Amino acid sequence: MAAVAVSEAWPELDLAERERRRELLLTGPGLEERVRAAGGRLPPRLFTLPLLHYLEVSGCGSLREPGPGLAQGLPQLHSLVLRRNALGPGLSPELGPLPALRVLDLSGNALEALPPGQGLGPAEPPGLPQLQSLNLSGNRLRELPADLARCAPRLQTLNLTGNRLDSFPAELFLPGALPLLSELAAADNCLRELSDDIVHLASLKTLDLSNNQLSSVPAALADCPKLKEINLRGNKLKDKRLEKMVSGCQTKSILEYLRVGGRGCGRGRDRAEAEKEESRRQRRERKRREGGEGEGGAADGAGRLLLRVLHVSENPAPLTVTASAAVRDVRPFFVGAVVRGMDLQAGNALRRFLTSQTKLHEDLCEKRTVATIATHDRAAVRGPLLYTGRPPQDLKIVPLGRKEVKAKDLVRQLQLEAEEHRKQRKRQTVSGLHRYLHLLDGQDRYPCLVDADGDVISFPPITNSEKTKIKKTTSDLFLEVTSATSLQICKDAMDALILKMAEINKCTLENKEEGSLADAEAEAGSGQPSGPGAERGGGCQLVVEQVRVLDEEGHLKVVYPSKTDLDFAAAHVAVAR
């Protein structure tokens, strides 16, 4: 009888075992009572599903600890999402080792400390050797584990926003400790100082230390080799000029100010000289671009993919996106770009483009669980745009191929369609829709992108609007990538998408030239040009326009592409900036 009772209490586990599912979501109003009956833990039977790659348990106020057996029972787990529960004050037993885990989200819990034995996993050998993204935001942490870097040495994104930290452990900034860390968010804490050793984060691109208690900023921060985006607003800095700069100046100006010693350091002349030298360097760079792109660009275009970045300052009508605070707890990360010059009319170019987007969703975006891509016909997009969150019953959209519908009804309808499709096919795995519909479960607001007409043109991670649908005649596209995980995964996905677009465009042009070869030979005797391809000389250049994302006060959050974006190692790609 006891076994029957357990089975009835957890029908999701029966279904997952029977259908050999790789993804499992536990949420909803009945979950809290069942977890409470299990002693505030997850049911041990859950840890007998070794095929699971994705596990999410969200919004359960009675879940105080995962329970023993997770590490041993789920060795193939790639993503573990335990947000908005009641985990704390520690994790007993510790989570790791989880050798395949890449994404760990423990945000919105009651964690106060993660000491050895009650933390993320062992340090020797590393308990989370493949972990890339760690979200600890919205907890009560007063300190970080000193062995975090040894436990997760391949960490790329660390989100510590909204805790009670007053310092970082020194071990976090040791040389080589976190060589891949590119994004560090620690806003809304109690940080009083920042060590000079942060310079050892060689891959750091984005740093958010807003709304802390910092009184000074180390000059060494300017020596972080890849740092391009920094947020220091909301700190009471002793250097009043710097305090003013962090509220209105771009990152580059702030870092330059730090580099020359700031105010009160007796280095005013050095600072002035540095500013003049930087101005001269910028003028030389502009002249180089203006004078060298014609001749060198043609050479590049003959055998290489050529991408030309159009900076906001050079664009008479740049597209901007304002990100509302309403998406902060739902899907806070957004990156946009405009790409001009695509040829989707010839052959199967449009199908190849859409297929490449699907493949990126499956692989890099991990079935949309870490990021979602959306593409629009730029001609149909009226800016400026607003990225915000709306209650499910208030959000209306005209989805691709459908009539206008409320988001709440659309999600329910898609869930029923996906389940029916799975049953008809008699498949053991869930359909593509089921892989990401659950990402919005339990949310009181849904993310959406709204144009200047007030129309919703995107509802990530679910669908785009019919209004901005890509067609064969589309040549200019607006691209967006959103994520609940990190800004860096948005940029990585955008880089990969633009590279694929350049490859498709080049292939399309080459096929056109081959198709018109006979005509070209026939017309050669008369001296007539053989078409656009002959005039361009293999020029398959795409123009990538920068798109800025601002907060509601008009402060810059992110611009894409920045200098560190589109940084391809491939020899067949040339990026003109």
Side-chain angles (χ1 to χ4, degrees), residues 182 205-206 228-229 289 293 297 300-301 303-312 314-315 318-321 333-344 349-365 368 370-379 381 385 449 458 460 464 468 470 474-483 486-510 539-549 558-577:
S182 61
K205 295 181 180 180
T206 303
K228 296 299 176 185
E229 296 171 25
R289 287 203 308 265
E293 278 178 2
D300 286 339
R304 304 171 74 185
L305 306 178
L306 181 60
L307 299 170
R308 185 171 74 84
V309 176
L310 183 65
H311 294 263
V312 170
E314 303 167 336
N315 191 344
L319 187 64
T320 60
V321 180
F333 303 106
F334 185 103
V335 166
V338 172
V339 175
R340 298 188 184 273
M342 279 296 289
D343 184 353
L344 298 175
L350 178 58
R351 183 173 62 82
R352 290 184 62 205
F353 170 67
L354 297 176
T355 300
S356 68
Q357 184 177 333
T358 300
K359 183 171 175 55
L360 284 173
H361 272 147
E362 289 292 306
D363 299 336
L364 181 60
C365 299
R368 304 199 190 197
V370 297
T372 303
I373 299 167
T375 56
H376 309 265
D377 186 332
R378 176 64 181 92
V381 175
L385 304 177
L449 187 65
S458 178
N464 292 4
T468 59
I470 301 291
T474 300
S475 60
D476 302 334
L477 294 85
F478 169 56
L479 317 175
E480 59 163 290
V481 183
T482 61
S483 173
S486 77
L487 180 63
Q488 191 56 46
I489 187 61
C490 291
K491 292 191 167 194
D492 291 345
M494 187 71 84
D495 282 357
L497 177 62
I498 292 175
L499 176 60
K500 192 63 184 177
M501 291 172 68
E503 292 172 347
I504 292 172
N505 220 41
K506 185 172 188 293
C507 181
T508 299
L509 180 62
E510 289 173 347
C540 50
Q541 171 180 285
L542 290 180
V543 176
V544 184
E545 293 182 6
Q546 285 185 326
V547 170
R548 294 182 299 166
V549 180
V558 61
V559 62
Y560 181 94
S562 66
K563 284 188 177 181
T564 58
D565 302 319
L566 298 177
D567 186 16
F568 301 120
H572 68 292
V573 184
V575 181
R577 301 181 189 272

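Remember, it's a predicted structure, so these values are computed and weren't measured experimentally.
Counting all heavy atoms, side chain and backbone alike, S458 lies closest to N464 at OG-OD1, 4.1 Å. Across L364 and A496, no two heavy atoms sit closer than the pair CD2-CB, 4.1 Å. Taking all atoms of both residues into account, the shortest heavy-atom contact from L319 to R378 is CD1-NH2, 3.9 Å. Between L566 and V575, the shortest heavy-atom contact is O-CG2, 3.6 Å. Shown here for A493 and V481, the closest heavy-atom pair between the two residues is CB-CG1, 4.0 Å. When every heavy atom of A337 is checked against every heavy atom of V544, the shortest pair comes out as CB-CG1, 4.4 Å.
Salt bridge annotation for K491-E229: present, with a cationic side-chain nitrogen under 4.0 angstrom from a carboxylate oxygen.
For the pair V549 and V335, the minimum side-chain heavy-atom distance is 4.5 Å or more. Side-chain atoms of V321 and E480, non-hydrogen and from C-beta on, never get closer than 4.5 Å to each other. Contact of the T474 side chain with the M342 side chain is not registered, since no non-hydrogen atoms from C-beta on lie closer than 4.5 Å. Using a 4.5 Å heavy-atom threshold, the side chains of Y560 and I498 count as touching.
Here CG of L354 is found 9.5 Å from CZ of R351. Values are rounded to the nearest 0.5 Å. Taken from CE in M494 to CG in L360, the straight-line distance is 11.5 Å, to the nearest 0.5 Å. How far CZ of R352 is from CG of L344: 11.0 Å, rounded to the nearest 0.5 Å. Going from atom CG of L306 over to atom CG of L542 covers 8.5 Å, rounded to the nearest 0.5 Å. In this structure, CD on E362 lies 7.5 Å from OG1 on T358, to the nearest 0.5 angstrom. Rounded to the nearest 0.5 angstrom, S483 OG and D492 CG are separated by 10.5 Å.
With sequence neighbours left out, the side chain to side chain donor-acceptor pair (under 3.5 Å) criterion links T372 to R331. Every residue meeting the side chain to side chain donor-acceptor pair (under 3.5 Å) condition with R340, not counting sequence neighbours, appears here in chain and number order: D476, E545. By the side chain to side chain contact (heavy atoms under 4.5 Å, CB included) test, S486 is found to be paired with T157, E183, Q488, I489, residues two or more places apart in sequence or in another chain being considered. In this structure T564 satisfies the side chain to side chain contact (heavy atoms under 4.5 Å, CB included) test together with K205, K228, S562, sequence neighbours excluded. Residues passing the side chain to side chain donor-acceptor pair (under 3.5 Å) test with T468 are H376, sequence neighbours excluded. Scored by the side chain to side chain contact (heavy atoms under 4.5 Å, CB included) test, T375 finds F353, Q357, I373, I470, L479, L497 as partners (sequence neighbours excluded).
A donor-acceptor contact shorter than 3.5 Å is absent between the side chain of N505 and the backbone of Q541. No side-chain donor-acceptor contact under 3.5 Å links T482 to the backbone of F334.
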